[in-house]
Amino acid sequence: MSVTDWVNGLMDTLGAPGAGIAVALENLFPPIPSEAILPLAGFAASTGRMSLVAVLLWTTAGSVIGALALYGVGALLGRDRTVALAARLPLVKAADIERTEAWFRRHGTKAVFFGRMIPVFRSLVSIPAGVERMPLPVFLTLTTLGSALWNTAFVLAGHALGANWTQVTDVVSAYSKAVLVAAVAAVAVFVVVRLRRRPAPAWACPADQAGSKERRLVSAGERGLVRAAARRRRESTRSDGGPSRSSEVESGGE
């Protein structure tokens, strides 16, 4: 069964609340695309199966309920658990978490509001809002306003296009793919930059190995020169003969 058939079944059974349930689940499971749910709900309203106002109210309520559930997940995790989980991720440092927290404290309200209009991100943004314990009235207000704008645009588009509502899906699908590609590219850049900044182990650095070998050779050469100089001094002393034993005896007799 396709997503379209499933949403149609919900709306046939429950009416506008069925559309709201589908949108709430879309928030919890991003692979369920809202761009397939909202225009279809608008088309259903255009055929008289349900009220347009009811569709707008229920889909917005579904968005808020789904976002509130993810906010609760973030609040339950809390900062300490989130930092502990992040510390286990490869290439992630404590400083990254601190910068993210600082950014969210400055721009969290804008992120929650505009994030409701960005695929995938609109679901994820509720979690840091919960972790940072954004005041619940503020979170609910921003989420409701952002969701209402996003949902209204697509429900009205589906209502206006009627049987051609899938045109909306095609356009928004391209937008969603562009956002996903940008997110993957950002992660790839982060990984590459972080790997380049990591200090290489001694065994993996040929230059360090060569330098160490060169230093060992120089030290060995210096020791050889010292020993050779000592030998020459001893040989020079023996060749000169030094003070004779008889001279030492006479000097002692005197």
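Fair warning: this is a prediction, and the values are worked out from it, not measured in the lab.
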Q: For Phe139 and Ser126, work out which heavy atoms get closest and say how close.
A: CZ-OG, 3.6 Å

Q: Indicate if Leu145 and Leu156 have the same hydrophobic cluster label, given that clusters are the connected sets of ILVMFWY residues with side-chain heavy-atom separations under 4.5 angstrom.
A: yes

Q: Please name the pair of heavy atoms, one in Ala45 and one in Val55, separated by the smallest distance, quoted to 0.1 Å.
A: CB-CG2, 4.2 Å

Q. Of all heavy-atom pairs between Phe104 and Glu132, which one has the smallest distance, and what is that distance?
A. CD2-CG, 3.9 Å

Q) Taking Val138 as the fixed residue, which of Leu142, Leu136, Thr141 is the one that meets the side chain to side chain contact (heavy atoms under 4.5 Å, CB included) rule? A) Leu142

Q. Is there a side-chain contact between Phe113 and Leu149, using heavy atoms and a 4.5 Å cut-off?
A. yes

(Q) How long is the straight-line distance from CG of Leu70 back to CG of Asn27, given to the nearest 0.5 Å? (A) 7.0 Å

Q) In terms of hydrophobic clustering (I, L, V, M, F, W, Y; side-chain heavy atoms under 4.5 Å; direct or indirect links), are Leu25 and Leu68 co-clustered? A) yes

Q) Closest heavy-atom contact between Val112 and Ala129? A) CG2-CB, 4.2 Å

Q) Distance-only, no hydrogens or angles: does the Arg81 side chain make a donor-acceptor pair with backbone N or O of Leu76 under 3.5 Å? A) yes

Q: Check the hydrophobic clustering (I, L, V, M, F, W, Y; side-chain heavy atoms under 4.5 Å; chains of links allowed) and say if Leu38 and Met117 are grouped together.
A: yes

Q) Does one hydrophobic cluster hold both Leu57 and Phe43, with members joined at side-chain heavy-atom distances below 4.5 Å? A) no

Q. Between Arg116 and Ser147, which heavy-atom pair has the shortest distance, and what is it?
A. NE-OG, 3.1 Å

(Q) Determine whether a donor-acceptor pair (N or O, by modelled atom type, separation under 3.5 Å) exists between the side chain of Tyr71 and the backbone of Met134. (A) yes

**Q.** Short side-chain to backbone donor-acceptor contact, Arg133 and Ala75, under 3.5 Å
**A.** yes

(Q) For Trp58, is the CH2 atom crowded, meaning more than 12 foreign heavy atoms sit under 6.0 Å from it? (A) no

Q. So, does Thr47 use its side chain to make a donor-acceptor pair with the main chain of Ala44 at under 3.5 Å?
A. yes

Q) Thr59 side chain to Leu56 main-chain N or O, any donor-acceptor pair under 3.5 Å? A) yes

Q: Taking the side chain as every heavy atom from C-beta outward, state whether Leu40 and Met11 have any atom pair closer than 4.5 Å.
A: yes

Q | Minimum heavy-atom distance Gly66-Leu28, with the two atoms named | A | O-CD2, 3.8 Å

Q. At what distance, to the nearest 0.5 angstrom, does CG of Asn8 lie from CD1 of Ile37?
A. 11.5 Å

Q.
Ser63 and side-chain hydrogen bond (donor to acceptor under 3.5 Å, both in side chains): which single residue from Thr144, Asn151, Thr143 fits?
A. Asn151

Q | Single-linkage hydrophobic cluster Ile65~Val7, side-chain heavy atoms < 4.5 angstrom | A | no

